[in-house]
Amino acid sequence: MKCFWDDRQRAHVPAGEFFNGAMHPAAEHEGRVEAILKAIGSTQTPADLGLDPLLRVHAPDYLDYLRSAHDQWLAAGRGGDAFPYTFPVVKRRPLRLERIDALLGQYSFDTSTPIGPGTWDASYWAAQTALAATDSVLGGERTAFAFCRPPGHHCGADYLGGYSYLSNAAIAAEHAVAAGRKRVAILDVDYHHGNGTQDIFYERGDVLYVSIHADPVMDYPYYWGHADERGKRADHGANLNLPLPRGTEWATYQSALLQALDRIETHEAELLIVSYGADTYEGDPISHFNLKTSDYAPMARAIATLGLPTVVVMEGGYAVEALGANVAEFLSGF
Ligand code: SP5
Ligand code: ZN
């Protein structure tokens with residue numbers, strides 16, 4: 001399978017994240033890169049398609065902010081990574097905010113997603129990596145793997161969170177739509193619900209979002225991923241959430257996957273994007289499913305029965321010692 005990666009994605013080096021009342025070492029760290037690169041072998045560097053494909057998904061003011069936020073942080077006399085501390089949950093509206101602290105909260109929903117000096121570059125090249133894999137599939141490849149880092153499925157059109165800054169999967173989907181694909185499906189198999197991807201396509205009928213993930217009653221991102229979130233269209237159902245309990249093993253996962261695949265078949269998609277997270281693995285340090293490395297090939301084989309041109313986009317997965325094997329096993333199933 002063709003694999004895409006750009007070394008500039010290494011520029012994002014978050015030192016830590018804040019949760020449970022304390023700073024912790026960043027789970028989404030550089031060690032993930034070596035683990036995955038070693039396992040997938042040779043990779044191709046993406047072309048630079050510029051900002052236009054990003055602007056199909058993200059608000060211009062958000063992209064300006066993301067590019068300049070860390071400089072503004074330094075200009076305010078701070079050091080290290082930029083973190084928010086105050087959030088406009090009561091109502092977000094387009095104020096002319098200037099203070100970096102105000103902007104940080106305006107454009108974030110958590111304290112796990114710091115902005116460092118290289119965050120923009122890394123995110124930009126992650127998005128270009130997703131675009132290159134999509135172009136390869138649009139050009140006739142059956143499947144392609146976009147090793148995107150940082151991940152993307154938690155960020156929305158104008159906010160970041162969950163280690164995600166640019167929505168790689170949504171950017172890929174919109175690129176396919178712009179290239180003439182009328183119906184696209186996104187299948188999200190990361191442990192966490194991809195609230196950002198869901199939000200981006202929530203009112204759309206042409207791009208289906210289906211996710212299998214930990215029940216948000218217990219797990220991040222809490223506020224989204226519940227089964228009653230069905231999409232906003234009158235003919236609703238362009239959104240399907242299949243939450244599963246902590247401790248889920250392959251047998252239970254597999255039946256949810258079959259439901260997900262049924263829904264994708266009904267959608268009559270011309271192209272599939274898989275948001276793949278290896279954090280469903282039993283040894284993942286921040287997650288609570290019990291999938292084994294050997295479960296990832298059957299998972300991919302089941303997805304491949306759809307017979308659709310498929311772009312696999314990397315999301316989470318933090319058990320670094322098993323990450324390479326889990327990714328390789330998944331890709332081998334195609
Ligand atoms: C892309 C992706 O997988 N993002 C996940 C973001 C999850 N951040 C939540 C951090 C809170 C984790 N709580 C961990 C408890 C460890 N014992
Ligand atoms: Zn995840």
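First listed ligand is number 1; within each ligand, the first listed atom is number 1. Given the structure is predicted, the values throughout are model-derived calculations rather than measurements.
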Minimum-distance N/O/S atom that [X] presents toward the Zn ion (ligand 2):
X	result
D279	OD2
H192	ND1
D190	OD1

So that I know where these two stand, are [X] and [Y] an aromatic pair - ring centroids less than 6.0 Å apart?
X	Y	value
F330	Y276	yes
F109	W224	yes
Y107	Y65	yes
Y163	Y318	yes
Y296	Y281	no

Next on the checklist: If I apply the N/O under 3.5 Å rule, does E17 come out as touching ligand 1?
Outcome noted: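 For ligand 1, there is no N or O atom that lies under 3.5 Å from one belonging to E17.
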
Next on the checklist: Keeping E17 on the side-chain end and A27 on the backbone end, is there a donor-acceptor pair under 3.5 Å?
Outcome noted: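 Yes.
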
Checklist entry - Would you find a donor on one side and an acceptor on the other, under 3.5 Å apart, between the side chain of E34 and the backbone of G31? => result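 Pair absent, no side-chain N/O of E34 close to backbone of G31.
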
Next on the checklist: Heavy atom to atom 4 (N) of ligand 1, shortest distance: which of S164, G162, G152, G194 holds it?
Outcome noted: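 Shortest heavy-atom distance from atom 4 (N) of ligand 1: G162.
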
Checklist entry - Should one rank Y318, Y163, Y222 by closest heavy-atom distance to atom 8 (N) of ligand 1, which comes out on top? => result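 Selected option, by shortest heavy-atom distance: Y163.
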
Item to check | Residue and atom name of the nearest protein heavy atom (relative to atom 13 (N) of ligand 1), distance in Å to one decimal | outcome: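 So the nearest neighbour among protein heavy atoms is F19 CE1, 3.7 Å.
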
Item to check | Identity and separation of the nearest protein heavy atom to atom 16 (C) of ligand 1 | outcome: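 Checking every protein heavy atom, the shortest distance to atom 16 (C) of ligand 1 gives P285 O, 4.0 Å.
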
Item to check | Proximity flag H153 to ligand 1, non-hydrogen atoms under 4.0 Å | outcome: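 Judged by the 4.0 Å heavy-atom criterion, H153 does count as contacting ligand 1.
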
Item to check | Short N-O contact, E249 and K292, less than 4.0 angstrom | outcome: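 Answer for the salt bridge query: no.
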
Item to check | Lys/Arg N to Asp/Glu carboxylate O, R78 vs D101, below 4.0 Å | outcome: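 Answer for the salt bridge query: yes.
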
Subset of ligand 1 atoms that lie under 4.0 Å from at least one heavy atom of [X]:
X	answer
D190	3 (O)
D279	3 (O)
H154	1 (C), 2 (C), 4 (N), 5 (C)
P151	1 (C)

